[in-house]
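This report refers to the structure that appears directly beneath it.
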Amino acid sequence: MPELPEVETIRRGLSSLLIDKVIARAIVHDSPKSFPNDIASIEQFLYAAKVVAVRRRAKVLIIDLSSQYSLVVHLKMTGQLVYRGTEVFGGGHPTDSLIGELPDRSTRVTLTFSDGSHLFFNDQRKFGWMKLMPTIEIPNLDFMKKVGPEPLEDSFTAQEFIPRVRRRNNTSIKAALLDQTVFAGVGNIYADESLWGAGIHPAQKVREVSDEQLASLLHEVKYVMNLSIAKGGSTDRNYVNAEGKRGSYIDFARVFRREGLSCPRHPDVLVEKLKVAGRGTHICPVCQVIQ
DNA sequence: CACTTGACCTGTCCGC
DNA sequence: TGCGGACAGGTCAAGT
């Protein structure tokens with residue numbers, strides 16, 4: 001589900017909602033990939049631990065606890081982390097959250113804090129996971145060892161990007177963008193949006209894309225991701241932020257999920273949908289032509 | 001090694 | 001209405 005801008009939006013929300021909360025209880029409803037820890041370590045390192053920081057690396061969220069342990073969460077396709085406080089609502093709108101009463105049938109883990117508030121980990125498709133592990137061991141996860149740089153860091157320039165992406169010279173530029181070892185955080189939405197922005201066909205081989213085009217593509221990646229963060233992420237189907245609310249980037253999307261609608265640059269040309277790198281892919285057939 | 005494909009799951013949508 | 005199949009924003013294992 002969420003890509004870098006969605007995970008960053010959730011991180012910001014959780015950071016303001018969870019810091020200094022103390023975990024009192026955890027319930028794993030149905031999530032075989034979450035909490036393989038034994039009861040003793042849960043009691044020792046989760047219960048009574050205080051949230052000290054909420055970080056993000058790539059599409060992974062890290063909730064650091066005062067016990068020197070962390071909750072590490074990957075939302076994959078349909079995961080959500082939704083915080084509910086203890087407010088008691090009278091009549092009228094209980095909340096403008098997109099989702100209703102929690103826990104619901106997709107809730108995999110419920111964390112309860114000492115003030116009675118809750119954090120719900122929902123995941124319709126059960127691809128995601130939440131793990132409890134020593135904070136110091138996070139960098140040793142296979143994923144963390146392999147994942148590439150953060151693209152929104154100022155230090156990540158075309159000079160860094162070009163040699164990394166050229167390691168994938170024989171594959172399509174879209175597959176290379178989705179490859180988290182080249183750099184972190186792009187998924188299907190921002191791959192399509194940035195390729196449209198740079199005027200590159202997603203199926204173009206990396207070796208056939210010039211350095212100048214690659215520099216332009218990186219610029220577009222940064223642009224669409226920063227814009228999306230400013231809009232609170234993209235809600236196409238499942239994504240909601242920490243308060244259960246949708247993001248609005250999808251309203252600004254130029255090609256993603258816009259097949260049959262006009263290209264913003266060409267009112268008479270319709271966006272087409274095809275399959276590239278095994279993924280649904282959206283292009284303007286005039287802006288994006290195989291060279 | 002580089003690259004592609006299928007699997008992991010559940011829910012929804014579309015055509016018959 | 002019911003049913004089958006395709007598809008969904010991510011990643012990993014197994015295949016070529």
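Here is the naming used below: chain letters follow the sequence lines, and residue numbers restart at 1 for every chain. As the structure is a computational prediction, the values presented were derived from the model and not from experiment.
Every residue two or more places apart in sequence or in another chain that forms a ring-ring contact (aromatic ring centres under 6.0 Å, His included) with A/H282 is listed here: A/F256. For A/F120, the ring-ring contact (aromatic ring centres under 6.0 Å, His included) partners are A/H118, not counting sequence neighbours. In this view, A/R167 satisfies the salt bridge (Lys or Arg N to Asp or Glu O under 4.0 Å) rule with no residue, not counting sequence neighbours. Partners of A/F183 by ring-ring contact (aromatic ring centres under 6.0 Å, His included), not counting sequence neighbours, listed by chain and number: A/F156, A/F161. Qualifying side chain to side chain donor-acceptor pair (under 3.5 Å) partners for A/N122, counting only residues two or more places apart in sequence or in other chains: A/Q80, A/T107. Taking A/Y83 as the reference, nothing meets the ring-ring contact (aromatic ring centres under 6.0 Å, His included) condition, with sequence neighbours excluded. In this structure A/N169 satisfies the side chain to side chain donor-acceptor pair (under 3.5 Å) test together with A/R166, sequence neighbours excluded.
Salt-bridge annotation for A/K76 and A/D123: absent, with no side-chain N of the basic residue lying under 4.0 Å from a carboxylate O of the acidic one. Comment: A/D30 engages A/K126 in a salt bridge, judged by a side-chain N to carboxylate O separation of less than 4.0 angstrom.
Residue-to-nucleotide proximity on DNA chain C shows that, of A/A58 and A/T281, the 5′-proximal contact is made by A/T281.
Within a heavy-atom distance below 4.0 Å of DNA chain B, no residue of residues 213-236 of chain A is found. Within residues 120-133 of chain A, the residues having any heavy atom under 4.0 Å from DNA chain C are, by residue number, A/R125, A/F127.
Side-chain atoms of A/S117 and A/D115 form a donor-acceptor pair, as typed in the model, at a separation below 3.5 Å. One side chain, A/N188 or A/K174, offers a donor N or O that lies under 3.5 Å from an acceptor on the other.
Within 4.0 Å of A/G278, counting heavy atoms only, lies no atom of the nucleic acid at all. Using a 4.0 Å heavy-atom criterion, one finds that A/R105 contacts the sugar-phosphate atoms exclusively. Looking at heavy-atom distances under 4.0 Å, A/K146 makes contact with sugar-phosphate atoms alone, never a base. If you check every strand for non-hydrogen atoms under 4.0 Å, A/F256 touches sugar and phosphate atoms only.
Look at A/R279 and you'll find a side-chain N or O under 4.0 angstrom from OP1 or OP2 of C/dG10. The side chain of A/H74 contributes no N or O atom lying less than 4.0 Å from OP1 or OP2 of C/dG10. Within the 4.0 Å cut-off from OP1 or OP2 of C/dG10, not a single side-chain nitrogen or oxygen of A/Q180 is found.
Secondary-structure annotation of DNA chain B gives the stems B:2-8 with C:10-16, B:10-16 with C:2-8, with a stem taken as at least 3 successive Watson-Crick or G-U pairs whose two distances both fall under 3.5 Å.
Side-chain contact between A/C287 and A/H266 is present, with at least one heavy-atom pair separated by less than 4.5 Å.
Nucleotides B/dT5 and C/dC7, compared at atom P, are 14 Å apart to the nearest Å. Distance check on atom P: B/dC9 versus C/dC3 gives 24 Å, rounded to whole Å.
For the salt bridge (Lys or Arg N to Asp or Glu O under 4.0 Å) with A/E150, the qualifying choice from A/R55, A/K59, A/R57 is A/R57, the only one to do so.
Between the P atom of C/dC12 and the NZ atom of A/K76 lies a distance of 6 Å, rounded to the nearest Å. Summarising the geometry, the separation between CG on A/N188 and P on C/dA8 is reported as 8 Å, rounded to the nearest angstrom.
Scanning DNA chain B 5' to 3' for nucleotides with an atom closer than 4.0 angstrom to a non-hydrogen atom of chain A gives a first and last hit of B/dC3 to B/dT12.
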Under 3.5 Å donor-acceptor pairs involving side-chain atoms of residues 134-144 of chain A, not counting sequence neighbours:
{"from": "A/T135", "atom 1": "OG1", "to": "A/Q68", "atom 2": "O", "distance (Å)": "3.0"}
{"from": "A/T135", "atom 1": "OG1", "to": "A/Y69", "atom 2": "O", "distance (Å)": "3.3"}
{"from": "A/T135", "atom 1": "OG1", "to": "A/S70", "atom 2": "OG", "distance (Å)": "2.7"}

